[in-house]
Amino acid sequence: MKLKSILSATTAFAMVGTTAFAEKAEVQFWHAMGGQLGEIVDKFASEYNAGSDSCHINAVYKGNYTENMTAAIAAFRAGEQPHVVQVFEVGTATMMAAGDKGAIYPVYKLMEDAGVDFDPSAYLPAVISYYTDTDNNLLSLPFNSSTPVLWYNKTALDAAGVDVPTTWDEVEEAARALKANGVEKPFSFGWQSWSNIENYSAWHNLPMGTEENGFASLKTEFSFNNDAVVNHIQRIADMGKEGLFAYGGRRGDSRGQFVNGETALWINSSAYYGGFKKDITDFEFGQTMLPVDTAVADKPQNSIIGGATLWVLNGHEQAEYSCVADFFQFVSAPEQQAYWHQNTGYVPITTAAYDLSKEQGFYESDPLTDTAIKQLSLNAPTPASKGVRFGNFVQVRDIINEELEAVWAGDKDAKTALDEAVERGNALLRKFEKANN
């Protein structure tokens with residue numbers, strides 16, 4: 001990707017004796033990357049600051065995705081908003097609604113106003129399509145994008161005499177063999193709505209809701225209580241009763257089960273690769289594409305992304321926004337994106353970064369690390385597999401979590417739980433529609 005910045009931030013000069021110094025324009029960047037990921041974000045900010053004579057990026061960790069988004073909304077209402085806030089993909093509809101009320105500075109307009117030669121076609125289609133409006137204008141900058149994959153403990157699978165599963169029938173069979181061979185919690189996952197409803201639906205080309213999963217209209221209604229998803233969730237519940245599945249929490253809480261060998265098959269984000277590479281020393285691990293439910297589809301469609309983008313908030317000086325545009329150019333460059341991809345497991349957001357990773361031999365030295373890219377690019381996205389854009393979806397995911405947890409606990413069957421999740425979720429959709437008409 002070639003991006004040409006033809007602007008620099010306004011520079012103020014002051015004299016102290018006979019010495020002149022430049023005061024840099026300050027940009028506040030609130031993010032949700034903790035641990036190793038936060039260290040890389042800080043690295044990018046430091047490298048950019050060292051190379052800029054006129055701009056300074058102040059990268060601040062504000063908690064997890066939900067906490068960061070909530071903090072930014074509260075700050076905006078108080079007139080103390082940052083210039084840039086990292087928002088996870090399920091917050092897209094909420095941020096778009098905020099944009100309709102003047103809170104957002106869309107990225108395509110930011111780049112245009114700043115005079116930056118910005119080419120959206122340089123980004124991977126599966127990534128950029130999630131964050132465009134109906135006119136294909138880019139609203140926020142893709143930054144950290146991932147997709148769920150099936151992580152596996154190859155050492156444990158070999159010991160149990162089973163191959164890496166490619167279908168849900170094979171997942172169940174492998175879990176049974178692993179259990180018989182002493183693996184305590186053979187199968188688990190994290191971010192259960194994302195991995196087992198949103199991506200299960202896209203992977204099998206099933207709509208999760210009407211109106212093209214919310215992309216076409218605010219009048220969308222949920223439909224994930226269909227027979228395919230109900231049967232899928234009930235299968236997992238039945239695996240739990242047999243001791244083949246163990247629920248470990250809503251986000252990445254069950255990561256430790258996989259790292260310590262309690263769990264040998266784990267569905268969660270491709271972005272765990274960097275941490276796994278550092279932390280797993282007792283067994284050989286790998287990643288593969290999501291399993292196919294052959295009762296629903298003969299072959300997979302494509303998975304959808306998770307992760308987050310960088311949204312720009314209105315209310316600051318144009319010189320500072322010039323710095324934001326320049327920083328966005330910097331973090332989108334092939335070198336930064338290839339480094340990010342190779343050290344985290346997030347997908348490179350541009351074709352150029354993917355090509356650079358190939359040239360550097362990354363996929364030869366670290367096999368299977370292109371699994372997420374292949375999943376996302378498997379087929380051209382359909383209205384059912386482009387992604388989801390539902391209002392109040394952060395809260396809807398909490399509802400789905402509650403209902404699924406009732407299933408795992410044996411308090412509800414899958415049909416009852418998903419019917420109630422759809423009913424409760426639709427009430428929030430109507431509330432969002434009413435507030436944004």
Side-chain angles (χ1 to χ4, degrees), residues 148-201 203-204 224-225 227-270 272 276 280 283 285-296 303 397 400-418 421:
V149 297
L150 176 61
W151 294 99
Y152 60 87
N153 180 330
K154 186 176 185 303
T155 304
L157 288 176
D158 288 347
V162 291
D163 295 328
V164 176
T166 60
T167 69
W168 276 99
D169 287 341
E170 291 173 358
V171 167
E172 190 170 345
E173 292 166 6
R176 196 166 284 117
L178 289 162
K179 184 75 172 182
N181 204 46
V183 177
E184 185 178 348
K185 303 171 182 178
F187 172 66
S188 193
F189 45 70
W191 289 96
Q192 56 188 347
S193 174
W194 181 53
S195 61
N196 278 285
I197 293 183
E198 297 158 46
N199 266 282
Y200 175 89
S201 297
W203 197 234
H204 297 89
F224 58 83
N225 58 338
D227 289 345
V229 178
V230 167
N231 291 339
H232 171 64
I233 296 302
Q234 190 60 54
R235 179 209 287 264
I236 295 173
D238 293 342
M239 288 176 64
K241 293 174 185 176
E242 195 178 336
L244 308 181
F245 158 69
Y247 177 62
R250 295 185 175 186
R251 296 180 178 239
D253 313 60
S254 55
R255 177 186 184 276
Q257 294 176 195
F258 184 75
V259 172
N260 65 24
E262 288 179 275
T263 294
L265 298 170
W266 192 63
I267 294 178
N268 211 332
S269 172
S270 59
Y272 282 96
F276 284 169
I280 296 176
F283 59 86
F285 71 91
Q287 58 180 299
T288 190
M289 289 192 184
L290 294 172
V292 176
D293 189 338
T294 54
V296 177
S303 62
R397 268 193 178 170
I400 292 172
N401 282 328
E402 291 172 9
E403 295 296 342
L404 289 182
E405 284 166 351
V407 176
W408 313 143
D411 297 331
K412 294 181 181 180
D413 61 31
K415 176 63 174 170
T416 301
L418 292 180

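Numbers here are sequence positions counted from 1. Note that the structure is predicted; figures quoted are calculated from it, not measured.
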State, with a plain yes or no, whether a side-chain heavy atom of Glu405 is found less than 4.5 Å away from one of Arg250.
-> yes
With Phe187, which of Trp168, Tyr152, Tyr247 fulfils ring-ring contact (aromatic ring centres under 6.0 Å, His included)?
-> Trp168
Which atom of Gly248 lies closest to which atom of Ser188, heavy atoms considered | N-OG, 3.9 Å
Spacing of CH2 belonging to Trp194 relative to CZ belonging to Arg251, to within rounding of 0.5 Å | 12.0 Å
Do side-chain atoms of Gln234 reach the backbone of Ala414 as a donor and acceptor pair under 3.5 angstrom?
-> yes
Could you tell me whether the side chain of Lys415 reaches within less than 4.5 Å of the side chain of Ile233, counting heavy atoms only?
-> no
Using the test side-chain hydrogen bond (donor to acceptor under 3.5 Å, both in side chains), find all partners of Asp158 that sit at least two apart in sequence or belong to another chain.
-> Lys154
Of all residues at least two apart in sequence or in a different chain, which pass the side chain to side chain contact (heavy atoms under 4.5 Å, CB included) check with Ala160?
-> Val162, Ala177, Leu178, Asn181
Are Gln257 and Glu184 close enough that some pair of their side-chain heavy atoms sits under 4.5 Å apart?
-> no
Mind listing the closest non-hydrogen atom pair of Leu244 and Arg176 along with its distance?
-> CD2-CA, 3.7 Å
Output all residues satisfying ring pair (Phe, Tyr, Trp, His ring centres under 6.0 Å) with Phe224, sequence neighbours left out; order by chain, then residue number.
-> Phe222
How many angstroms lie between atom CG of Asn231 and atom CG of Leu418, to the nearest 0.5 angstrom?
-> 10.0 Å
Close side-chain approach of Leu290 and Tyr200, heavy atoms under 4.5 Å = no
Return the set of residues passing side chain to side chain contact (heavy atoms under 4.5 Å, CB included) with Thr166 (not counting sequence neighbours), or none when no residue passes.
-> Glu170
Sub-3.5 Å donor-acceptor pair from the side chain of Lys185 to the main-chain atoms of Phe245, do we have one?
-> no
Any donor-acceptor pair under 3.5 Å from Thr288 side chain to Leu150 backbone = no
Can you name the closest pair of heavy atoms from Ala175 and Leu265 and give their distance?
-> N-CD1, 4.4 Å
For Trp191, the ring pair (Phe, Tyr, Trp, His ring centres under 6.0 Å) test, sequence neighbours excluded, returns none
Separation between CD of Gln192 and CG of Asn199, rounded to the nearest 0.5 Å | 13.5 Å
Parallel under 30°, tilted from 30 to 60°, perpendicular over 60°: which one fits the rings of Phe258 and Trp266?
-> parallel
Which pair of non-hydrogen atoms, one from Val407 and one from Ala237, has the smallest distance, and what is that distance?
-> CG1-CB, 3.6 Å
Quick one: CG on Asn225 to OG1 on Thr416, what's the gap to the nearest 0.5 Å?
-> 11.0 Å
To the nearest 0.5 Å, how far apart are NZ in Lys412 and CD in Glu403?
-> 3.5 Å
How long is the span from the NE2 atom in His232 to the CG atom in Asp293, to the nearest 0.5 Å?
-> 7.5 Å
Nearest atoms (heavy-atom pairs only) where Ile197 meets Ser201 | O-OG, 2.7 Å
Any residue meeting side chain to side chain contact (heavy atoms under 4.5 Å, CB included) with Val259, in chain and number order, not counting sequence neighbours | Arg255, Phe276, Asp279, Ile280
All heavy atoms of Phe189 vs all of Ser195, minimum pair found to be CB-OG, 4.3 Å
Leu404 side chain reached by Ser193 side chain, heavy atoms, under 4.5 Å | no
